[in-house]
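Please read the structure below before turning to the comments.
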Amino acid sequence: MTKADIVENVYEKVGGFSKKEAAEIVETVFDTIKETLERGEKIKISGFGNFVVRDKNARAGRNPQTGQEITISARRVLTFKPSQVLKNVLND
Amino acid sequence: MTKSDLIDVLCETQKVPKGRAELLVHVIFDSMEASLKRGERIEIRGFGSFEIRNYRPYEGRNPRTGVTVSVRPKRLPFFKVGKELKERVNAGAGAAAVKSAERAGAKRAPVAVSEGDSSAEATPTGASRATA
């Protein structure tokens, strides 16, 4: 499934929008999510899951190809935790 | 930000009545859920991808009591962040570090804060210090 399929779904299931408008709406939703996460704020979608921004400290790592030791710099990463509801849906 | 905040944003920016905005956001996430339930992969350019991983049954342990329990086979969704969003999230941390350095009255030297370095100290020499 791609963004185009989501747009198609919105267009079919929610009447009253053109395809172009449906595409704009889907775009707005993902842009809003991205901007929020960029600010370091989390996104909670009940029934689906949470997107959480986490700060990682620098740590020692190793280049798996050469075995050379390197320092992995401190960074901010995004993690997704699926909701219990979604997990149940996938397993019944 | 929660789903209802997202609905409010849609209301304001797209000039959609609240009820419609609610329906729109629900349809978006419901269609993603349905896709995952079919075992499909979801790929949203610039955002990330979701995929289903299948787990075989295994013998696990209750970490508190140490009692062995059998874990049934299960399917779990995994999210892999896309390149664009990954970079933007990490850059957000850098911007915050630069801001806090500026607030601390550091001189306007080109601040060489390495990406994601949120530990930029608020010392006057902080800005001129070369980061490793």
Side-chain angles (χ1 to χ4, degrees), chain A residues 1-3 5-17 21-22 24-26 28-51 53-58 71 73-83 85-87 89-92, chain B residues 1-6 9-10 13-14 16 20-21 23-48 50 52 72-81 84-86 88-96 114-119 132:
Chain A
M1 169 176 260
T2 64
K3 200 153 60 185
D5 297 317
I6 297 176
V7 169
E8 191 66 32
N9 255 300
V10 168
Y11 175 72
E12 280 170 17
K13 290 185 184 152
V14 190
F17 293 108
E21 284 168 329
E24 251 171 61
I25 285 158
V26 172
T28 303
V29 168
F30 285 107
D31 282 349
T32 306
I33 294 175
K34 286 194 274 186
E35 282 158 21
T36 305
L37 294 169
E38 193 175 5
R39 289 199 302 272
E41 216 181 294
K42 68 177 157 205
I43 296 274
K44 301 203 281 187
I45 308 293
S46 72
F48 191 78
N50 298 346
F51 295 91
V53 173
R54 312 190 66 161
D55 286 302
K56 298 278 193 181
N57 288 325
T71 308
S73 62
R75 61 192 62 204
R76 185 172 269 191
V77 297
L78 176 59
T79 58
F80 172 68
K81 187 168 184 284
S83 92
V85 176
L86 179 61
K87 286 197 261 185
V89 166
L90 294 174
N91 286 292
D92 64 29
Chain B
M1 174 176 269
T2 63
K3 189 155 71 180
S4 58
D5 296 325
L6 206 52
V9 170
L10 207 54
T13 61
Q14 298 291 303
V16 191
R20 306 272 290 160
L23 184 58
L24 286 165
V25 172
H26 282 119
V27 166
I28 291 172
F29 288 104
D30 285 352
S31 66
M32 288 168 72
E33 182 183 300
S35 173
L36 290 172
K37 187 156 172 63
R38 290 193 299 270
E40 276 176 32
R41 195 180 122 88
I42 304 175
E43 189 175 325
I44 314 285
R45 281 287 156 85
F47 184 72
F50 296 88
I52 294 292
R72 281 181 294 176
K74 60 186 170 187
R75 304 202 298 166
L76 288 177
F78 265 84
F79 173 68
K80 184 166 185 261
V81 62
E84 184 208 322
L85 184 56
K86 187 180 184 173
R88 280 173 66 178
V89 165
N90 198 27
S114 68
E115 52 171 339
D117 185 0
S118 55
S119 63

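Letters A, B, ... mirror the listed sequences (proteins, then strands); counts begin at 1.
The parts of B:Glu43 that come within reach of chain A are both its backbone and its side chain, each placing non-hydrogen atoms under 4.5 angstrom from that chain. Both the backbone and the side chain of B:Ser31 come within less than 4.5 Å of a heavy atom of chain A. Residue A:Asn91 touches chain B through its side chain alone, counting heavy-atom pairs closer than 4.5 Å. Heavy atoms of A:Leu86 lying under 4.5 Å from chain B belong exclusively to its side chain. Heavy-atom distances place the side chain of B:Phe50, and not its backbone, under 4.5 Å from chain A. For chain B, no part of A:Asn50 is nearby; none of its heavy atoms comes within less than 4.5 Å. Using a 4.5 Å cut-off between heavy atoms, A:Thr36 contacts chain B through its side chain alone, with no backbone atom that close. Within the 4.5 angstrom heavy-atom criterion, atoms from both the backbone and the side chain of B:Ile42 approach chain A. At a 4.5 Å heavy-atom cutoff, the contact between A:Lys42 and chain B is made by backbone atoms alone. Within the 4.5 angstrom heavy-atom criterion, only backbone atoms of B:Arg45 (N, CA, C, O) approach chain A. Heavy atoms closer than 4.5 Å to chain B are found in both the backbone and the side chain of A:Ser46.
Heavy-atom pairs under 4.5 Å with chain A were tallied for B:Ser4, B:Ser35, B:Gly39; the largest tally goes to B:Ser35. When each of A:Ile33, A:Thr71, A:Val7, A:Val53 is scored by its heavy-atom pairs under 4.5 Å with chain B, the top score falls to A:Ile33.
At a threshold of 4.5 Å between non-hydrogen side-chain atoms, the residues A:Thr32 and B:Met1 count as touching. Counting heavy atoms from C-beta on, the side chains of B:Ile44 and A:Ile6 come closer than 4.5 Å. Taking the side chain as every heavy atom from C-beta outward, A:Leu78 and B:Lys86 never approach each other to under 4.5 Å. When side chains are defined from C-beta on, B:Val81 does not count as touching A:Phe51, because their heavy atoms never get closer than 4.5 Å. At least one side-chain heavy atom of B:Leu6 sits under 4.5 Å from a side-chain heavy atom of A:Ile45.
Residue A:Asn9 holds its CG atom at 9.5 Å from CG of B:Asp30, rounded to the nearest 0.5 Å. Atom CD of B:Gln14 is separated from atom CD of A:Glu24 by 5.5 Å, given to the nearest 0.5 angstrom. One finds the CE atom of A:Met1 at 5.5 Å from the CZ atom of B:Arg38 (value rounded to the nearest 0.5 Å). Atom-to-atom distance recorded for B:Lys74:NZ and A:Leu90:CG is 12.5 Å, nearest 0.5 angstrom. The distance from the CZ atom of A:Phe48 to the CG atom of B:Leu36 is 6.0 Å, given to the nearest 0.5 Å.
The environment of CZ in A:Arg54 is sparse: at most 12 heavy-atom neighbours from other residues, nucleotides or ligands sit within 6.0 Å.
B:Arg88 places no side-chain N or O within 3.5 Å of a backbone atom of A:Glu38 that could act as its donor or acceptor partner.
Residues B:Lys37 and A:Val89 come closest through the heavy atom pair NZ-O, 2.9 Å. Between B:Val89 and A:Leu37, the shortest heavy-atom distance links the atoms CG2-O, 4.1 Å. Nearest heavy-atom pair, A:Phe17 versus B:Arg20, reported as atom, atom and distance to 0.1 Å: CE1-NH2, 3.2 Å.
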